[in-house]
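Let me begin by presenting the structure, written as structure tokens, before commenting on it.
So you know, we letter chains A, B, ... as the sequences are listed, proteins then strands, and number each from 1. Values below: all heavy atoms of this structure, side chains included; hydrogens, waters and symmetry mates excluded.
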Amino acid sequence: MDFEIEKAYEAKKYEDKIYKKWEESGAFTPEVDPSKKSFTISMPPPNATGVLHLGHAVMLALEDIMIRHHRMMGESALWIPGTDHASIATQNKVEQLIAKEGKTKYDLGRADFLKRVHEYVKDSQSTIRNQIRKMGSSCDWTRERYTLDKGLTDAVQEVFIKMYKDGLIYQGDRIVNWCPRCESTLANDEVEYKSLNDKLYWIKYGPFTLATTRPETKLGDTAVAVHPSDKRYKDMVGKKYMIPGVLGEFEVEVIADHTVDPEFGSGAVKVTPAHSFADFEMAQRNNIPAKSIIDEKGCMMDNCGKYAGMKTHECRKAIVDDMDKMGLIEKIEDYEHNLSICYRCETPVEPLISKQWFINVDKKVINHKGKKVSLKERSIQVIKEKEIEILPSKFNKTYFNWMENLHDWCISRQIWFGHRIPIFYCQECGEVITGKEKPEECTKCKSSKLKQDPDTLDTWFSSGLWTFSTLGWPEKTKELEYFHPTGVMETGYDILFFWVARMILMTTYVLGEIPFETVYLHGLIRDRNGDKMSKSKPETCIDPLEMIEKYGTDAVRLSLVIGSTPGNDMRLYEEKIAGYRNFVNKIWNAARFALMNVEKEDLEKEFEPGMVKSLADKWVLTELQKLIKEVDADMEKHHFSEAGTKIYDFIWSQYCDWYLEISKGEHKNPAVLIHVLRTTLKLLHPFVPYVTEKLWEYVGGEKLLISEKWPEYQKELVYTKEAGTMELIHEVISQIRSVRAELKVEPGKKIHAIIYAGKHTEDLEGKREAIMLLGRLEQLDIEEKGPKVDGAKAIFVKDTEIYLPLKDMLDTEKEAKRLKAEIENKEKFAKSLEGKLSNKGYLQNAAKEVIEKDKARLEDEKTNLQKLKSELEQL
RNA sequence: GGGCGCUUAGCUCAGUUGGCUAGAGCGUCUGGUUUACACCCAGAAGGUCGGGGGUUCGACUCCCUCAGCGCCCACCA
């Protein structure tokens, strides 16, 4: 066929146009159609601040593969995209921006500041949207959501109120992680730890000597704790002591608590309940009061005398100086320990007591199988009872461990950007009223002076509702009924706790059903050295968008999917992407070749088994069926890397290297050439959507490939016997090529070959042309059997003998050496097979097929051994 | 401190219920304008599957142990 397309595939030229076609075709927007199965993925919403990074890219690639596969399987495949407002992260970004203008959020005030944030979000949302498109993501833009949408805000308020009414949400004065820079609470898992070289101060403390890293908290001490069985302090427990301090004497009680380590320091610990989690808990257990001395800006409070107003680290220095003057410092040691820092801004976290909203995770409110269970228990159950499967399963344990140790979840944040807590306080009588809108008047005293709680909700509160809030809940939409629970939640293992666990917790409570059936956790993308990618190391840091520009989206997708297994990190570097670009180009050229070898009419005919002719046809079709079967199994098991690798190998090593090569001879069969091409394009489409869609324009029907049907395994196209014969022919050709290379026969030179093929004579005769073409022969004699050919190179493949009369090129000595080595090797192998086959245990226990295979192999080895030996003798 | 994982060719990694003279890509070496593709083709070299022990007819695969590396959780002043 006359066919004008360029030699190399230029991704850039086509991608955007193809994406537009897909989107306009409506393929991304599935119908609610109860006659079909539904398959849904809620896209993990990128932060509304972001630029696409490799983490997003791998997420998008994997999810798009699943969605495209399910769509081609005829299911209603819905992939909902969206963005997350990411309260703290976004607010921080904007604070940084206005800081450049020399302003703070207080200068702007709440309303104007939020206006700035919304503007900023709008901008970056459109950036990230386009970048998601760049990855070829076939998500449904008509259903795109944002966590601050009206509908989602509704869902958030509804859930809050439901939980409040169920008594799950309560307000309490509790010790919380406080970031003095963000001026907000942080959940436990929003705190990170950094190793720090610090000082350990040994201080004289009344009758005690004790060690501390934070001498400034002495101002808030209300007790000293020792281990209950520590004999040194036994008599002091329960007594009160006056302790000299920089602001005069103060009283502490000595308590016994099993959490104190008698080995550490002097075995006695000062207790500062208001500014240490461990101390807070100890104080609660022992009925000790707390005294707050650090405020929300990280400064010493008014009750700290001359230290009031100092930052904690300034105060530490001052207080140590003063204590030293009073002779209260015994010694100062170097000490390495972990400092807790804010995960968003790395500011050291200041534990302090504050009035916050919490979700009670232990209250039994969920009715499940006639029993009341807590949020925590239900969340553990759904995994234990395999309602949800986590891949890889090794994360089950991690998940249980985390859930079992879960404490009440602090959900209020002193951040301006986010969902306002739907709580109103009556300024007159103090009544607390919950509601979506500000009530006209107080339900109790009818006062109209009502004020909304100034705090916002933890960003994970809204993302915990993501799978169902995006489908319209609290409305009872048909989408919700049809598409929920979703099929797969695919995300990085680093947010298993942050997000996945919270979705499970929230959804099982709110809907009484699971949010998703399978959790697929991908690994982190690392640089070539196995380090975390970071923009501060530009030489190893990869920007997916730059790579798309350079190598095309398809290549980038493959480089992220092949070689990646769930839960395991993967290294990425540019050569890898270039390698997959080469593959994409290979597909392009395979199609180009096929098209050059068929006529227009060939493309119009429907393929049917009657069109199958040659041995090569039967072989390639058999291999193709095998491929379909294996790919189906792999996709089912979420083994995307394996599936991709198998298709890659089929196209390159089977279709191109053998079938297309053989098609260069007289065996050209357009029907099979095109059928195999079409089928592999379909199989490939989820992995490399662009190049396959482009090629489908040339070889496909009227429909876009994205909407085509996934190939089915066809038993009638499996020709086991013929395929086996073809393998033999491949082997014969390979051997001839190998000898040519070994004897340095000029590539252009055609040689003579004599083959004694025994029972395969007819088959080889049938493929005479292919053997001559690919072995570069000028003369080929095929006989059933015959005499040895003197001075010829001999090769034995199965029961076939090949002689290449290359007398002048043969080095007898070398040949003898090679034969000897091969004989030795084969004898060794045959011996091990014999040993195995005479082993009773083996014969009794091994599978029949395994034994049969070994027997056949032994036969082959034996005949070839004999031939090799006589060859050696005659040399 | 508690938990999880990794160690297979020079490099990066596959290897699914134990049955392989252990595979791929990149790199290396030899040689190549052949009805598509040099982003290519043909051929080749390269591994005692981290060490040791055990279970088994049989172990890269299961168990124990040692060593090295990594991650997560907790956090003690």
Side-chain angles (χ1 to χ4, degrees), chain A residues 3 5 7-9 188-189 193 200 210-214 217 225 259-261 263-266 268-272 276-279 337-338 340 392 394-395 397-398 401-402 405 493-494 496-497 524 528 530 551 555 562-565 567-573 575-576 578-597 633-634 637 639 641-642 645 648-649 653 656-657 660-661 663-665 668 734 737-742 744 746-748 773-774 776 825-826 828-829 832-833 835-836 839-847 849-851 853-854 857:
Chain A
F3 183 62
I5 73 175
K7 279 171 85 160
Y9 171 65
N188 288 340
D189 44 284
Y193 295 88
L200 186 66
L210 41 79
T212 179
T213 53
R214 301 200 60 186
T217 60
T259 60
V260 177
D261 177 3
E263 304 292 319
F264 189 91
S266 61
V269 195
K270 62 188 216 53
V271 180
T272 322
S276 151
F277 274 81
D279 293 3
H337 71 135
N338 281 336
S340 49
K394 68 179 179 193
F395 281 103
K397 261 196 176 169
T398 321
N401 188 358
W402 187 82
N405 292 310
Y493 64 73
D494 50 333
L496 177 63
F497 305 138
L524 264 43
R528 71 166 70 243
Y551 297 105
I562 294 189
S564 127
T565 43
N568 292 322
D569 294 351
M570 191 182 61
R571 301 185 193 203
L572 185 70
Y573 37 92
E575 297 93 293
K576 217 171 189 169
Y580 290 111
R581 185 270 321 264
N582 296 352
F583 173 62
V584 169
N585 189 240
K586 188 75 182 176
I587 305 167
W588 180 259
N589 272 288
R592 203 158 88 99
F593 176 85
L595 283 163
M596 287 165 86
N597 281 283
D634 285 336
K637 286 184 282 186
H639 291 179
S641 170
E642 296 259 316
T645 309
Y648 179 109
D649 283 342
S653 322
C656 290
D657 287 351
L660 293 190
E661 287 303 320
S663 294
K664 289 177 182 173
K668 185 165 80 185
S734 288
R737 283 170 168 175
S738 179
V739 169
R740 292 183 61 114
E742 182 199 333
K744 304 212 187 318
E746 279 169 52
L773 178 75
L774 302 180
R776 319 226 81 210
N825 180 24
K826 285 204 183 289
K828 223 166 100 190
F829 183 46
S832 88
L833 279 175
K836 219 165 151 186
N839 183 318
K840 256 196 250 160
Y842 173 71
L843 293 172
Q844 263 168 26
N845 301 318
E849 312 88 75
V850 176
I851 298 173
K853 209 168 103 194
D854 279 346
R857 273 204 296 194

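B:rG27 and B:rU12: their C1' atoms are spaced 11 Å apart (whole Å). Comparing the same atom, P, in B:rC73 and in B:rG58 gives a spacing of 44 Å after rounding to whole Å. Between B:rC6 and B:rG19, the two C1' atoms lie 26 Å apart (nearest whole Å). For the C1' atoms, the distance from B:rC60 to B:rU7 is 12 Å, rounded to whole Å. Between B:rU61 and B:rG15, the two C1' atoms lie 9 Å apart (nearest whole Å). With both ends at atom P, the span from B:rA44 to B:rA24 equals 12 Å, rounded to whole Å. Taking atom C1' on both nucleotides, B:rG23 is separated from B:rA67 by 28 Å, rounded to a whole Å. Taking atom P in both B:rG50 and B:rG2, the straight-line distance is 27 Å, to the nearest Å.
Annotation: A:Glu746, atom CD; neighbour count of heavy atoms from other residues, nucleotides and ligands within 6.0 Å does not exceed 12.
Across all strands shown, B:rA67 forms a Watson-Crick or G-U wobble pair, both distances under 3.5 Å, with B:rU7. Look at B:rG1: its Watson-Crick or wobble partner, with both distances under 3.5 angstrom, is B:rC73. As the counterpart of B:rC49, no nucleotide is assigned, since no Watson-Crick or G-U wobble pattern has both distances under 3.5 Å. The partner of B:rA42 is B:rU30, by the rule that a Watson-Crick or G-U pair needs both atom distances under 3.5 Å.
Atom CG in A:Leu524 sits roughly 15 Å away from atom C1' in B:rC6 (whole-Å rounding). Between the P atom of B:rC71 and the NZ atom of A:Lys394 lies a distance of 13 Å, rounded to the nearest Å. Distance A:Tyr493 OH to B:rC6 P: 13 Å, rounded to the nearest Å. Nucleotide B:rU56 holds its C1' atom 17 Å from the NZ atom of A:Lys840, rounded to whole Å. As rounded to whole Å, 18 Å separates atom P of B:rA36 from atom CG of A:Asn582. The interatomic distance linking A:Asp494 (CG) with B:rC73 (C1') rounds to 15 Å, in whole Å. Rounded to whole angstrom, the span from the CG atom of A:Asn405 across to the P atom of B:rC75 amounts to 10 Å. For A:Arg740 and B:rU30, the CZ to C1' distance is 15 Å, given to the nearest whole Å.
When the nucleotides B:rC76, B:rC37, B:rG5 are ranked by their closest atom to the side chain of A:Lys586, B:rC37 comes out on top. Closest to the A:Phe593 side chain, of the nucleotides B:rC39, B:rA36, B:rC57, is B:rA36. Here B:rC73 is the nucleotide among B:rC39, B:rC76, B:rC73 with the atom lying nearest to any side-chain atom of A:Phe497. Across B:rG25, B:rC57, B:rA36, the shortest atom-to-atom separation from the side chain of A:Asn839 is found for B:rC57.
The CG atom of A:Leu524 lies 4.5 Å from the OH atom of A:Tyr493; values are rounded to the nearest 0.5 Å. Put simply, OH on A:Tyr580 and CD1 on A:Ile562 are 4.5 Å apart, with the number rounded to the nearest 0.5 Å. Rounding to the nearest 0.5 angstrom, the gap separating the OH atom in A:Tyr551 from the CG atom in A:Asn582 is 9.0 Å. Rounding to the nearest 0.5 Å gives a distance of 4.5 Å between CG of A:Asn568 and NZ of A:Lys394. Separating the OG1 atom in A:Thr217 from the NZ atom in A:Lys270 is a distance of 2.5 Å, to the nearest 0.5 Å.
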Completion exercise
Going 5' to 3' through nucleotides 13-23 of chain B and flagging B where a protein heavy-atom sits under 4.0 Å of the base, S where only the sugar-phosphate is that close, and - otherwise, we get SSSB--BSB--
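For the residue pair A:Ala211 and A:Gly265, the shortest heavy atom distance occurs at CB-CA, 4.5 Å. Closest approach of A:Lys7 and A:Asn585 over heavy atoms only: O-ND2, 4.0 Å.
The glycosidic torsion of B:rC4 lies more than 90° away from 0, placing the base in the anti range.
Contact of A:Arg592 with B:rC37 (side chain to base): no donor-acceptor pair of N or O atoms is detected under 3.5 Å. On a pure distance criterion of 3.5 Å, no polar donor-acceptor pair joins the side chain of A:Lys7 and the base of B:rC37. One can find a donor-acceptor pair under 3.5 Å joining the base of B:rA36 and the side-chain atoms of A:Glu661. Contact of A:Asn401 with B:rC73 (side chain to base): no donor-acceptor pair of N or O atoms is detected under 3.5 Å.
A:Tyr9 comes within 4.0 angstrom of nothing in the nucleic acid, heavy atoms only.
When each of A:Leu843 and A:Tyr648 is assigned the nucleotide of RNA chain B bearing its nearest heavy atom, the one mapping closer to the 5' terminus is A:Tyr648. Both A:Cys656 and A:Lys397 lie close to RNA chain B; mapped to their nearest nucleotides by heavy-atom distance, the more 5′-ward contact belongs to A:Lys397.
Using cut-offs of 30° and 60° on the angle between ring planes, the pair A:Trp402 and A:Phe497 is parallel.
Applying the salt bridge (Lys or Arg N to Asp or Glu O under 4.0 Å) rule to A:Asp634 yields the partners A:Lys646; only residues at least two apart in sequence or on another chain are considered.
Proximity of A:Ser340 to the phosphate of B:rC75: no side-chain N or O atom is located under 4.0 Å from OP1 or OP2.
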